[in-house]
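A short worksheet on the structure shown next.
Just so we're on the same page: letters track the sequence lines, and every chain starts at 1. Just so you know, these numbers come straight off a predicted model, no measurement behind them.
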Amino acid sequence: MPEFTDESSTVQPPVSVRVRFYARYAELVGLEQTTLNVPRPATVGRAIALVREQVSNGGSLPVRPLVAVNEEHALPDRELAEGDLVALLPPLAGG
Amino acid sequence: MPEFTDESSTVQPPVSVRVRFYARYAELVGLEQTTLNVPRPATVGRAIALVREQVSNGGSLPVRPLVAVNEEHALPDRELAEGDLVALLPPLAGG
Amino acid sequence: MGYLVTDAIDVSELLAQVASPGCGGNAAFVGTVRRSEVDGPVNAIEYSAYEAMAGAEIDRILEEVTEQWPQAKVTMRHRLGRVPTGEVSVAVVAAAPHRDEAFAACRHVIEQTKTRVPIWKKEILESGGERWREDRSG
Amino acid sequence: MGYLVTDAIDVSELLAQVASPGCGGNAAFVGTVRRSEVDGPVNAIEYSAYEAMAGAEIDRILEEVTEQWPQAKVTMRHRLGRVPTGEVSVAVVAAAPHRDEAFAACRHVIEQTKTRVPIWKKEILESGGERWREDRSG
């Protein structure tokens, strides 16, 4: 039988990203960094949902925290690539 | 005959004021201070008109210069009292 | 880079850095640690940052200033670590030919810094307690 | 009084004068003598004032600030005499609990100073000439 390679049905491996916690969030989860496998389509929003499920005390994090990807602010629909650095940022308080 | 003392017809002496010139205006008239007798009603506007007529090179001063009376900004219709200090101020340029 | 420092911030030195003979207007914003806060007297604030991103974000903010006010020169410093009450936590300086641009550029940098730069503060209270402070009104 | 000075103006010292533990926002405006002017390079500006009135007018401006922003602390210095290019001619500092008030108070003082305080400047040109400068754009 021929192999079908229809993109939409191809099972691709999840996207592995690093997740970092800062300031009060690091205190909440007792953790500064972890890695996460995010099923495709791997978005910031999906990553956050997984963090809240899988990380110990992750449910104490907000549903829509401020997030940066690779040192730039990012919105929930931002798509993640392998190796991306996802940072969860408590409300900023510089100045 | 009875004496009438209707205020409007009483001849009162002019008001004697000091007039000072600052910065470029002092250079223009070659003078820092003079005294001036201003007929009543003695207003700032009237004093300036007299300065322009009577002071040497006074005509080179503007018709409506910035004026201070007793160290406060004053408008042309401001009435002057005996001994007032009238200052003619070139356009301000502090800062 | 070099915007995040752990030593005291010298505002005069910063002003000298942006000063130039063509710029007659210089504006500065200086934030200091306040004593009176909601939860009682504050002895110090402990500032922490996501340093790599904070530096990159400040770079972006300063580039925006150069685009919007090409004649303005701006720089800033933000202190990290423990900053005692009354000391300078942040300073922004802007020099421009005229004061409107200097004020506008200075204001832009401090507003954007507070909105976008990942820095956090923990109040060290006189009572001995500690508390994360997460508003931006200061 | 004491707002008109003939020596160099120290902005850090002025900031320290208005600083207080309750005021986290400090704004400053610093005017310096520009080199490039319309009639050619400027070596210095010679500032003169109607000193008694200037002091009184500054007092009035600072009182207005206290009325409009009761929590703000402000002060200023204006230099008189010959000020070389690049040096500070005027400095206004304002401290307030929050930065909006500090910026507003600072801005009010410099705008009103330029509009109301009887101070004049004569440019000392590199060419040897001198010229009264009577605009307020600086």
Looking at CH2 of C/W120 and OH of A/Y25, how far apart are the two atoms once the value is rounded to the nearest 0.5 Å? 9.5 Å
Segment of C/S89 engaging chain A (4.5 angstrom heavy-atom cut-off): side chain
Step-by-step side-chain contact (heavy atoms from CB on, under 4.5 Å) determination, A/H73 to C/E57: CA-CA 9 Å; A/H73 290 288; C/E57 199 68 27; 3.8 Å; yes
Residue pair C/E134 / A/R24, side-chain heavy-atom distance below 4.5 Å: yes
Can you measure from OH (C/Y50) to CG (A/L92) and round to the nearest 0.5 angstrom? 12.5 Å
What is the distance from atom NZ of C/K122 to atom CD of A/E27, rounded to the nearest 0.5 Å? 4.0 Å
When rounded to the nearest 0.5 angstrom, what is the spacing between CZ in C/R116 and CG in A/L89? 13.5 Å
Could you tell me which non-hydrogen atom of A/A93 sits nearest to which non-hydrogen atom of C/R133, and how far apart they are? CB-O, 3.1 Å
Might you confirm whether atom CZ of A/R64 has over 12 heavy atoms from other residues, nucleotides or ligands at distances under 6.0 Å? no
Starting at CZ of C/R60, measure out to CD of A/E72 and round the result to the nearest 0.5 Å. 4.0 Å
Taking the side chain from C/Y47 and the backbone from A/G95, do they hold a donor-acceptor pair closer than 3.5 Å? yes
